[in-house]
Amino acid sequence: MKFFVDTAEIDQIRELNDLGMVDGVTTNPSLIMKSGRDIKEVTKEICSIVDGPVSAETVAPGAEDMIAEGRELAKIADNIAIKVPLTWDGLKACKVLSDEGRMVNVTLCFSANQALLAAKAGATFISPFIGRLDDLNLDGMELIADIREIYDNYGFETQILAASIRNANHMSEAAKIGADVATAPAAVIKAMANHVLTDKGLESFLKDWASTGQKIV
Ligand code: E4P
């Protein structure tokens, strides 16, 4: 499973990228707002750090304007994936932009039917939002499994990009189901390293080691 980091914070992207943990980046209008930076400027900087796809989201409601925004965002760098919402206009924009050979990430997906439409429209990525479904006491991970089954049934090449990931368990669950990509905040990716038994084991090893009075270097 590829890891995308869901942020527009340069320091966080750089730290994880240096460790080989970043296969791409996703941003959205809220993340750009949080960064406090100009969308084109910050997205260009991200693209200069990360080789993989960097999603930049359109904000126009209508297909024509969305397409114009998508083309403009695509000028930022060769690795831009244009993010469009899963509306009927978004699907129209997806079809046009995909036919032009651009990467398109269809976002705000909350049902298997929406994912089926995005694949038909030629999406490179479909972004089902796990956490926002869980927030409503629905099962976000079940949606990932449903989309995996449907795409595999018909050989759709659209990649499942599990999004709105809120905790480390979401990452392993998405990987077990076979999501192609998971995008998560840097804190969630780092939390994947944590285990209470690791901390406890290390503490006792270090205590015993200290009693030997030895040094390795
Ligand atoms: C994905 O592309 C979105 O930017 C993101 O995963 C949304 O996550 P949230 O529901 O935590 O805002």
Side-chain angles (χ1 to χ4, degrees), residues 1-10 12-13 16-17 21-37 39 42-43 45-47 50 52-60 66 69-70 73-74 76-77 79-87 90-91 93-94 97-98 102-111 114-115 118-119 121 123-144 147 158-175 177 179-192:
M1 186 172 73
K2 284 175 268 185
F3 281 17
F4 288 2
V5 60
D6 197 28
T7 186
E9 303 300 328
I10 297 296
Q12 295 178 10
I13 294 168
L16 289 171
N17 192 58
M21 303 285 180
V22 176
D23 301 300
V25 173
T26 50
T27 65
N28 63 39
S30 304
L31 294 172
I32 296 294
M33 185 266 294
K34 276 186 206 152
S35 78
R37 296 188 55 189
I39 183 171
V42 72
T43 307
E45 190 170 351
I46 295 169
C47 290
V50 175
V54 174
S55 290
E57 190 159 342
T58 60
V59 290
M66 225 183 266
E69 286 182 355
L73 291 169
I76 295 172
N79 53 334
I80 289 287
I82 303 158
K83 220 171 170 191
V84 298
L86 214 156
T87 57
L91 292 169
C94 173
L97 294 166
S98 301
R102 307 177 195 278
M103 284 190 285
V104 180
N105 175 359
V106 181
T107 190
L108 290 166
C109 170
F110 294 96
S111 77
Q114 288 181 317
T124 316
F125 301 103
I126 181 69
S127 291
F129 276 34
I130 297 171
R132 293 191 193 193
L133 284 167
D134 289 357
D135 289 345
L136 299 177
N137 284 330
L138 296 168
D139 189 345
M141 214 47 78
E142 192 176 297
L143 175 59
I144 302 292
I147 299 172
T158 300
Q159 295 181 50
I160 302 174
L161 198 175
S164 187
I165 285 197
R166 302 279 170 76
N167 57 59
N169 283 347
H170 277 158
M171 294 295 279
S172 43
E173 288 302 314
I177 291 168
D180 300 284
V181 191
T183 188
V188 170
I189 294 174
K190 289 171 98 170
M192 292 169 73

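Atoms within a ligand are numbered from 1 in the order they appear, just like the ligands themselves.
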Holding to ring-ring contact (aromatic ring centres under 6.0 Å, His included), I want the full list of residues that pass it with Phe3, two or more places apart in sequence or in another chain.
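Phe3: no ring-ring contact (aromatic ring centres under 6.0 Å, His included) contacts found.
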Quiz prompt | Backbone N/O of Pro185 and side chain of Asp6: donor-acceptor pair under 3.5 Å | solution = no
### Query
Counting only N and O atoms by type, is there a donor-acceptor contact under 3.5 Å from the side chain of Thr124 to the main-chain atoms of Asn105?
no
With sequence neighbours left out, the residues meeting salt bridge (Lys or Arg N to Asp or Glu O under 4.0 Å) with Lys190 are Glu15
Heavy-atom nearest pair, Ile130 first then Ala162, reads CD1-CB, 3.8 Å
Checklist line | Pairing residues for Thr183 by the side chain to side chain donor-acceptor pair (under 3.5 Å) criterion, not counting sequence neighbours | finding: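 Counting only residues at least two positions away or on another chain, Thr183 forms a side chain to side chain donor-acceptor pair (under 3.5 Å) with Thr26.
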I'd like the atom pairs linking ligand 1 to the protein - N or O on both sides, separation under 3.5 Å - with distances to 0.1 Å.
{"from": "ligand 1", "atom 1": "2 (O)", "to": "Lys83", "atom 2": "NZ", "distance (Å)": "2.7"}
{"from": "ligand 1", "atom 1": "4 (O)", "to": "Asp6", "atom 2": "OD1", "distance (Å)": "2.9"}
{"from": "ligand 1", "atom 1": "4 (O)", "to": "Asn28", "atom 2": "ND2", "distance (Å)": "2.7"}
{"from": "ligand 1", "atom 1": "4 (O)", "to": "Lys83", "atom 2": "NZ", "distance (Å)": "3.3"}
{"from": "ligand 1", "atom 1": "6 (O)", "to": "Asp6", "atom 2": "OD2", "distance (Å)": "2.8"}
{"from": "ligand 1", "atom 1": "6 (O)", "to": "Ser164", "atom 2": "N", "distance (Å)": "2.7"}
{"from": "ligand 1", "atom 1": "10 (O)", "to": "Arg132", "atom 2": "NE", "distance (Å)": "2.6"}
{"from": "ligand 1", "atom 1": "10 (O)", "to": "Arg132", "atom 2": "NH2", "distance (Å)": "3.4"}
{"from": "ligand 1", "atom 1": "10 (O)", "to": "Ser164", "atom 2": "OG", "distance (Å)": "2.7"}
{"from": "ligand 1", "atom 1": "10 (O)", "to": "Arg166", "atom 2": "NH2", "distance (Å)": "3.1"}
{"from": "ligand 1", "atom 1": "11 (O)", "to": "Arg166", "atom 2": "NE", "distance (Å)": "3.3"}
{"from": "ligand 1", "atom 1": "12 (O)", "to": "Arg132", "atom 2": "NH2", "distance (Å)": "2.8"}

